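Here is the structure we will look at, set down as structure tokens.
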Amino acid sequence: MNIIIDAGNTNIKIGYFKNNNLTKIVKFPKEEILKVKLPTIKEKISSIYIGSVIPSFNNKIIDKLYKTYKVKAKLIENKMFLKHFDLSKFDLNEIGTDILGLALYIKQEYKKCCAISFGTATFSIAVDNKKLYGVMIAPSFSSAFDTLNSSTELTRTNKFDSKKNLYNWFDYGHDTPTALAAGANHLAKGFVDSLICFTSKKYKINKFCVCGGKSKNLMFLKQKEYAKKIAVLDEPTLTGYYFLTKSL
């Protein structure tokens, strides 16, 4: 059994890998790291690795895992990816470890692909084997609407729920929730369309995928024109980290 942790800006995900298969995932908000109860594992644990973009939580995560499994977890460092990518044009102190984990998954599974992650932030990468062209980062669309909720009265009186209303309306709205949902959907769809157009034209990449917790709510991805060319991935960063640790 190998345990891989993806410590993100909002959630911590723990993946349990057995015989190269991801058999179990435990997910919880990062603030609950001290009180969450982790599952008991009967199998021998060969290794525990942590890919983290929240350094202030690293020691808490390491302590929690050691108390539970009596195995000292190791941190995944960006320099570990140098055998898989030419990162000479990047500042290794600035690129997110989660971005590199996703890039390695893309390289292993597709060789040449553009990935878009809809999480706490929205980012995109373009990969061609050992070449990582670069990264694009944008604020998440739901976060922008959360700001509207907290800073204006536009949504307060209408009880706009971004999780329920944000991604399933494309026409002009007839009230505040549907008007906001239409705007959010067109922003998300426009972002995807723009990346597809730009990346396929400049880098000759014609394979695309999306991931991240909020990608599951993007209803337009189920339309035929998108379903044919965009794969929706489930936990690729965790698996990318696992690919990395197997090569160490």
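Treat the numbers as computed from the prediction; the structure is a model and nothing was measured. Here, residue 1 is the first one in the sequence, and each next residue gets the next number.
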Taking [Y]'s backbone N and O only, do any of them form a donor-acceptor pair with [X]'s side chain (distance below 3.5 Å, no angle check)?
| X | Y | value |
| --- | --- | --- |
| Ser194 | Phe191 | no |
| Asn129 | Lys131 | no |
| Lys64 | Val36 | yes |

Would you say [X] and [Y] make side-chain contact, with heavy atoms under 4.5 Å?
| X | Y | value |
| --- | --- | --- |
| Pro39 | Val26 | yes |
| Ile14 | Ile3 | yes |
| Leu218 | Phe118 | yes |
| His186 | Phe170 | yes |
| Met80 | Leu248 | yes |
| Val192 | Lys189 | no |
| Leu244 | Tyr49 | no |
| Cys209 | Leu233 | yes |

Carefully, step by step, assess Phe90 and Leu132 under the rule side-chain contact (heavy atoms from CB on, under 4.5 Å).
-> CA-CA 10 Å; Phe90 291 92; Leu132 174 60; 3.9 Å; yes
Determine, step by step, whether Thr237 and Asp98 satisfy the side chain to side chain donor-acceptor pair (under 3.5 Å) criterion, reporting the C-alpha distance in whole Å, the side-chain angles of both residues, the deciding distance to 0.1 Å, and the verdict.
-> CA-CA 6 Å; Thr237 302; Asp98 56 340; over 6 Å; no
Thr68 and Ile41: CA distance, side-chain angles, deciding distance, side-chain contact (heavy atoms from CB on, under 4.5 Å) verdict = CA-CA 9 Å; Thr68 304; Ile41 301 299; over 6 Å; no
If you draw a 6.0 Å radius around NZ in Lys70, do more than 12 non-hydrogen atoms from other residues or ligands fall strictly inside?
->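 Counting neighbours around NZ of Lys70, more than 12 heavy atoms of other residues, nucleotides or ligands fall under 6.0 Å, so yes.
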Neighbour count above 12 (heavy atom, 6.0 Å) for Lys130 NZ =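 More than 12 heavy atoms, drawn from other residues, nucleotides or ligands, come within 6.0 Å of this atom.
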Under a 3.5 Å threshold, yes or no: a donor from one side chain and an acceptor from the other, between [X] and [Y]?
| X | Y | answer |
| --- | --- | --- |
| Thr97 | Asn78 | yes |
| Asn21 | Thr23 | no |
| Tyr226 | Asp193 | yes |
| Ser200 | Asn206 | no |

Taking the six-membered ring for Trp, are Tyr203 and Tyr133 ring centroids under 6.0 Å apart?
->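 Yes.
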Closest heavy-atom pair and its distance - Ile196, Lys229 =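 For Ile196 and Lys229, the tightest heavy-atom pair comes out as CD1-CE, 4.2 Å.
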Any chance you could measure [X], atom [atom1], to [Y], atom [atom2], to the nearest 0.5 Å?
| X | Y | atom1 | atom2 | result |
| --- | --- | --- | --- | --- |
| Lys30 | Asn11 | NZ | CG | 9.5 Å |
| Ile106 | Lys112 | CD1 | NZ | 14.5 Å |
| Met1 | Ile48 | CE | CD1 | 10.5 Å |

On the 0 to 90° scale, with breaks at 30° and 60°, tag the Tyr242-Phe17 ring pair as parallel, tilted or perpendicular.
->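 Rings of Tyr242 and Phe17: parallel, as their planes differ by under 30°.
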Go through the steps for Thr245 and Ile4 under the test side-chain contact (heavy atoms from CB on, under 4.5 Å), then give the verdict.
-> CA-CA 9 Å; Thr245 61; Ile4 304 292; 3.9 Å; yes
Hey, quick one: are Leu65 and Leu238 part of the same hydrophobic cluster, counting side-chain heavy atoms closer than 4.5 Å, chains of contacts allowed?
->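 No.
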Should the pair Lys67-Asp63 be classified as a salt bridge under the 4.0 Å nitrogen-to-oxygen rule?
->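 So Lys67 does not pair with Asp63 through a salt bridge.
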Please lay out, stage by stage, how Ser247 and His84 fare under the test side-chain contact (heavy atoms from CB on, under 4.5 Å).
-> CA-CA 10 Å; Ser247 70; His84 299 282; 2.9 Å; yes
With Leu100, the side chain to side chain contact (heavy atoms under 4.5 Å, CB included) member among Ile76, Ile95, Leu82 |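 Answer after filtering Ile76, Ile95, Leu82: Ile95.
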